[in-house]
Participant: 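Take this structure first; my questions come after.
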Amino acid sequence: MLLGRVANGLYWMNRYIERAENMARLVDAGLRMALTRTQSAEEEWKSVVLSAGVDFAFAAKYGEYTSETVSDFLIRDTTNPSSALSSMETARFNARMVRTALTRETWEAINEAWMSLKRVLANPIDERDLPSVLDTIKRETALIRGCFYGTMLRNEIFDFAQIGTYVERADNTARILDVKYYVLLPSVSWVGSTLDNSQWESILRSVSAHRSYRWVYDAAYKPTNIADYLILNGRMPRSLTFCYRFLAEHLRFREEDYGQRLPCHALVENTLTKLKVSSVKQIFDEGLHEFLTDFIRDNNRLGDEVAASYRFH
Amino acid sequence: MVSQGSMRLVAFDEMQPDSTGVRQSYAAYDRWWQQQDPARLSEKMRDAERVFRKTGITFAVYGEEEAAERLIPFDIVPRILSGTEWRRLTQGIEQRVQALNAFLDDIYHRQEILRAGRVPKRLIAENEAFLPEMIGVRPPAGVYTHIIGVDIVRTAENEFFVLEDNARTPSGVSYMLENRETMMQLFPELFQKIRVRPVENYPQLLRQSLAAVRPENLRGTPTIAVLTPGSYNSAYFEHAFLADQMGVELVEGHDLRVVDGHVAMRTTEGYKQIDVLYRRVDDAFLDPLTFRPDSALGVPGIMDVYRAGNITIANAPGTGIADDKAIYSYMPDIVEFYTGRKAILQNIQTWRCSEPDSLKYVQENLKDLVVKEVHGSGGYGMLVGPTATKKEREDFSKKLAAKPSNYIAQPTLSLSTCPIMTEAGLSPRHVDLRPFVLVSDRIQIVPGGLTRVALKQGSLVVNSSQGGGTKDTWVLDD
């Protein structure tokens, strides 16, 4: 037995924990690009803001895309509801609301992560400290995940929380790809210049996959392989297929447990099937941008459908 | 009764009342204390704060914006009561709790105590805490107030007084439990040396107690839930804690609605019936159809379900009439009226400012008295005469004259002290005690309670909202 409101709280708790971590990754990738100076840092920071999905809010506040403005906005600005600090606060607020559904370890990990981020981000980030600040965020979210996996019962509570994680992660990976889709297109990538190489590496870096890529594919970056890795590779934990395998699984558990098939089940299975039968070539032929736009839309719809099916409100 | 000017008396210290030595109940603890390294104890104190901060045991202080969540300071020196002292206290508390329930049943039915002239009619009729909607309603098992926190103060070896009967939604029991948990983590060796009676089964007792008062026509195991106003409420931590420890749902008003004559909660699989609701929402917010129409914290129509006998609400609506400060001064009469015996626990002498003679006395002796608002709580809106400035007393005197019936006054008791740990070692501070009572088909009192302590030297205000702290409370198994 689980209250709809609690299911909603669990879902958003994990979405926001995932978001806090993704913000740190994005800034990390941007920082790397800016340091290698292979192209205009301004352009790179701009695409980081775009990938974070906060371009309008950012433009309303700042005129310039610099390391300081972007990292402050994405990491510690509490007027930006998606900043790492805001995300952690929202995650903690939701965790507090659903506290009776969490193990003591999980709650304490979230509470401590929030306290630690508040402390670390109390003042503007000194450029020299940025890498260690980003590490702190990644470490705290990893601790939460560890406690969550290590102590939570595998029941409906776990399922709804995990659905939040994977909806957010799939959205994040799809956005990163969509912001940079043009650098993956054959006409441009044909050149294979240093510029392209660093752009490609930046995409992989935003999902912490620049090293594992080499284990799976080749030493050289190839746009089709990168797209294959982030969209179709079922072993890559941030790929769209990986996210949808788990989304489908958690929703199937709910279907079997509650004995009720609902619209969200068909939706998740359709998307998963599409990912399973597609090849990178097909995706490129039909248009990478169109594919990603459709995916982001369907992914949002899945979130809404889960909320409606399970009486979140 | 304690005379005025009691401030000039030396307070009774529960550990070491005079130079002859430590009282028996503290003897074993004192021996242990003498062997401790002060540096290690200071370290333990910091540990305790970390534990509380980490687990998020916080409370909110109304009117302070930024500090939305604060810790209640915890002192590592336990307050220790002997088995004998505890037995005497519990007899008095049981008697009082019986009287409170009998009084509520009478007030909402035959009103014999009013007919007998022992309590003035207008005190009930004009009281906001009295709910006409409850007239003639008999709650399941006839229990009105299921969970009670009786505030007790001590002034001497054998002098215990009831300060307040909290018969609505008393809070603080989570601190009793977390304080004990923390002490056992910090000083496991102490609990091996000294036999302290356990308090940790309180959540099970609470659950059993709530199950025992389920609706009379219900067959099978009742579904129990705790109703909280939400995570912004100052006692939210406690609501979540109790629901968690009992293994029941923590619900908010918008999770609930009336379905087919029952209260039901919205779950991921549809609406599920609730049979017993431990509500931590005030009467006025319980049902927007019956009470405050603007309330978003309650359940529209729950009072109809209640009157139909399809849900137990604990505590019952309208119990506030029993712990109202205006009623308090009549408690000795109330206890005698319903139990046929003199009250075992004494009341504190109380002047009702609504009575002209009393008002005159209070105005003239403001510097020796504590004046409280009849409907206030949490230490807000009160005057502590001896520590107030001349200006504060003059301002208060005007308020008093403008609306005398709004106030009662009591002598400033010299509350007993217990030592707390300070930089300079042990130092006495004033304390009170809130034991927690559960009423179902029987009355149960967990051996212990919440000891609140005024951390400022000489201060008599123990409320957490006014800088008070807490201590673990030990009842010895002797």
Side-chain angles (χ1 to χ4, degrees), chain A residues 1-11 13 89-90 92-116 118-119 143 147 155-157 159-161 163 250-251 253-260 262 264 306-313, chain B residues 49-60 66-69 71 174 178 181 185 203 221 223-233 235-257 259 264-274 278:
Chain A
M1 217 281 312
L2 185 66
L3 289 174
R5 175 177 54 84
V6 173
N8 184 49
L10 290 160
Y11 172 87
M13 175 187 90
E89 269 193 37
T90 312
R92 193 246 184 196
F93 174 83
N94 278 288
R96 196 163 175 268
M97 191 180 79
V98 304
R99 189 165 160 177
T100 51
L102 303 175
T103 56
R104 189 169 181 138
E105 286 90 339
T106 304
W107 157 252
E108 287 180 5
I110 295 171
N111 194 34
E112 286 189 84
W114 171 73
M115 288 191 289
S116 136
K118 263 178 86 98
R119 199 170 48 241
L143 275 171
C147 290
N155 58 9
E156 53 197 342
I157 292 171
D159 290 332
F160 285 111
I163 290 167
H250 288 296
L251 283 167
F253 289 154
R254 284 308 94 226
E255 183 183 340
E256 286 167 4
D257 207 15
Y258 294 161
Q260 219 183 355
L262 298 157
C264 59
V306 168
S309 298
Y310 293 107
R311 303 171 181 82
F312 281 12
H313 305 288
Chain B
E49 193 184 320
R50 266 196 297 278
V51 171
F52 280 89
R53 183 80 60 195
K54 191 171 84 167
T55 47
I57 305 174
T58 56
F59 75 105
E66 182 50 28
E69 290 171 34
L71 288 187
S174 59
E178 287 288 344
E181 188 64 34
Q185 270 183 38
T221 318
T223 302
I224 302 170
V226 176
L227 175 65
T228 174
S231 56
Y232 291 108
N233 184 269
Y236 177 76
F237 164 75
E238 177 157 303
H239 307 160
F241 178 88
L242 287 175
D244 192 34
Q245 296 277 311
M246 283 195 284
V248 304
E249 289 302 321
L250 178 69
V251 298
E252 296 179 17
H254 54 97
D255 294 324
L256 306 179
R257 73 154 68 140
V259 180
M265 55 186 162
R266 193 183 71 250
T267 80
T268 51
E269 296 166 87
Y271 278 88
K272 288 256 152 61
Q273 181 178 320
I274 293 177
Y278 175 23

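Residue numbering restarts at 1 for every chain, and letters A, B, ... go by the order of the sequence lines.
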Participant: Quick check for you: to the nearest 0.5 Å, what is the distance between A/H313 atom NE2 and B/H254 atom NE2?
Facilitator: 11.0 Å
Participant: Which bit of B/E249 comes within less than 4.5 Å of chain A, counting heavy atoms only: side chain, backbone, both or neither?
Facilitator: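 Looking at B/E249, just its side chain touches chain A.
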Participant: Have a look at A/R5 and tell me which of B/T268, B/D255, B/T267 forms a side chain to side chain contact (heavy atoms under 4.5 Å, CB included) with it.
Facilitator: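 Result: among B/T268, B/D255, B/T267, B/D255 is the only option passing the side chain to side chain contact (heavy atoms under 4.5 Å, CB included) with A/R5.
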Participant: So which part of B/E252 gets closer than 4.5 Å to some heavy atom of chain A, the side chain, the backbone, both or neither?
Facilitator: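 For B/E252, the contact with chain A is made by backbone and side chain together.
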Participant: Examine distances only and state if a side-chain atom of A/R96 and a backbone atom of B/F237 form a donor-acceptor pair shorter than 3.5 Å.
Facilitator: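 Answer holds: no.
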Participant: If you measure from CZ on A/R311 to CE on B/M265, what distance do you get to the nearest 0.5 Å?
Facilitator: 13.5 Å
Participant: Less than 4.5 Å to any heavy atom of chain B: does that hold for the side chain of A/E108, its backbone, both, or neither?
Facilitator: both
Participant: For the atom pair CZ (B/R266) and OH (A/Y310), what is the distance rounded to the nearest 0.5 Å?
Facilitator: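 B/R266 CZ to A/Y310 OH: 15.0 Å, rounded to 0.5 Å.
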Participant: Rounded to the nearest 0.5 Å, what's the gap from OG1 on A/T100 to NE2 on B/H239? Could you check?
Facilitator: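 So the OG1 of A/T100 and the NE2 of B/H239 are separated by 13.0 Å.
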Participant: Counting only heavy atoms closer than 4.5 Å, note whether B/F241 contacts chain A via side chain, backbone, both or neither.
Facilitator: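 For B/F241, no heavy atom lies under 4.5 Å from chain A.
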